K.L.:
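For reference, the structure I am asking about is given below.
Atoms within each ligand, like the ligands themselves, are counted from 1 in listed order. Everything numeric here is computed off the predicted structure, so don't read it as measured data.
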Amino acid sequence: MNKDNIIFRLEREDDHHSTELMIREAFWNVYRPGCSEHFVMHMLRNDPAFIKELDIVMEKGGELIGQNCFMKTIINADDGRVIPVLTMGPICITPSLQRQGYGKMLLDYSLEKASALGFGAVLFEGNIAFYSKCGFDYAGNFGIRYHDMPKDSDQSFFLCKELRKGCLDGVTGVYQTPAAYYVNDEDTERFDKAFPKKEKLKLPGQIF
Ligand SMILES: CC(C)(COP(=O)(O)OP(=O)(O)OC[C@H]1O[C@@H](n2cnc3c(N)ncnc32)[C@H](O)[C@@H]1OP(=O)(O)O)[C@@H](O)C(=O)NCCC(=O)NCCS
């Protein structure tokens, strides 16, 4: 991997379509036939919980090769407190450059930036195989549960990283996914029509 010509910067308005196109390419047929993440990104940007200072794109040689973004959300603590935290994503690397270390670089950069802005912890749904490389652990190990799931259910998809060490000490409770992540299939289909036609495939390993 040549790290010399990599830059990180904030997403600009004139990047929006290219970013969504890249997200669509990266997520297409990965978790379901087709994908909704490009539309999710489109909706998140207009949500008050979206953090514009953490709407990050990665370029290599002037080409967009990755993106990550963050939203404000909360943990409803068992003792009645409301703990502000971050959630993350969509995050992606353009398909032709995946598994070459760029995702880890992007994630390390984004988390450092979130930390510098004073945020305490990030919780979200992801694969521990990748995110553990950047210090994520199972959220259950911090005493945080995913919303709308039984206490003893398998929540190994639900991950957490403290940006400020100890900030979740003494906190147990339930994490809430920001409402803006929930898009419906009809709206996604309508939005997707503005993109080049792509075949939806049902593939092994998809989770939806
Ligand atoms: C997930 C994603 C952002 C990771 O970026 P990447 O550049 O491919 O990952 P890296 O090369 O930096 O990975 C670093 C290490 O994490 C682990 N890892 C990365 N992706 C993994 C995967 N899909 N499954 C298992 N381990 C993975 C590996 O150990 C990898 O090192 P290795 O390739 O030497 O084994 C990228 O693959 C992507 O865009 N995927 C499609 C969209 C997606 O799933 N986004 C995340 C949704 S939660």
K.L.:
Decide, yes or no, whether a salt bridge links Asp15 with Arg9 under the criterion of side-chain N to carboxylate O below 4.0 Å.
P.N.:
yes

K.L.:
What's the verdict on side chain to side chain contact (heavy atoms under 4.5 Å, CB included) for Phe142 and Val171, showing C-alpha distance, side-chain angles and the deciding distance?
P.N.:
CA-CA 8 Å; Phe142 292 85; Val171 178; over 6 Å; no

K.L.:
Inspect the contact between Glu13 and Arg45 and indicate whether a charged nitrogen and a carboxylate oxygen are less than 4.0 angstrom apart.
P.N.:
no

K.L.:
Would one find more than 12 heavy atoms of other residues, nucleotides or ligands at under 6.0 Å from atom CD of Gln98?
P.N.:
yes

K.L.:
Check for a donor-acceptor pair, side chain of Tyr102 on one end and backbone N or O of Thr94 on the other, with a separation under 3.5 Å.
P.N.:
no

K.L.:
Could you name the protein residues that come within less than 4.0 Å of ligand 1, counting only heavy atoms, and order them by chain and residue number?
P.N.:
Ala26, Phe27, Tyr31, Ile91, Cys92, Ile93, Gln98, Arg99, Gln100, Gly101, Tyr102, Gly103, Lys104, Glu125, Asn127, Ala129, Phe130, Tyr131, Lys133

K.L.:
Return all side-chain donor-acceptor pairs below 3.5 angstrom for residues 65-77, not counting sequence neighbours, or 'none' if the list is empty.
P.N.:
residue, atom, partner, partner atom, Å
Gln67, OE1, Cys92, N, 3.1
Gln67, NE2, Pro90, O, 3.0
Asn68, ND2, Ser110, OG, 3.2
Thr73, OG1, Gln176, O, 2.5
Asn76, OD1, Gln176, NE2, 3.1

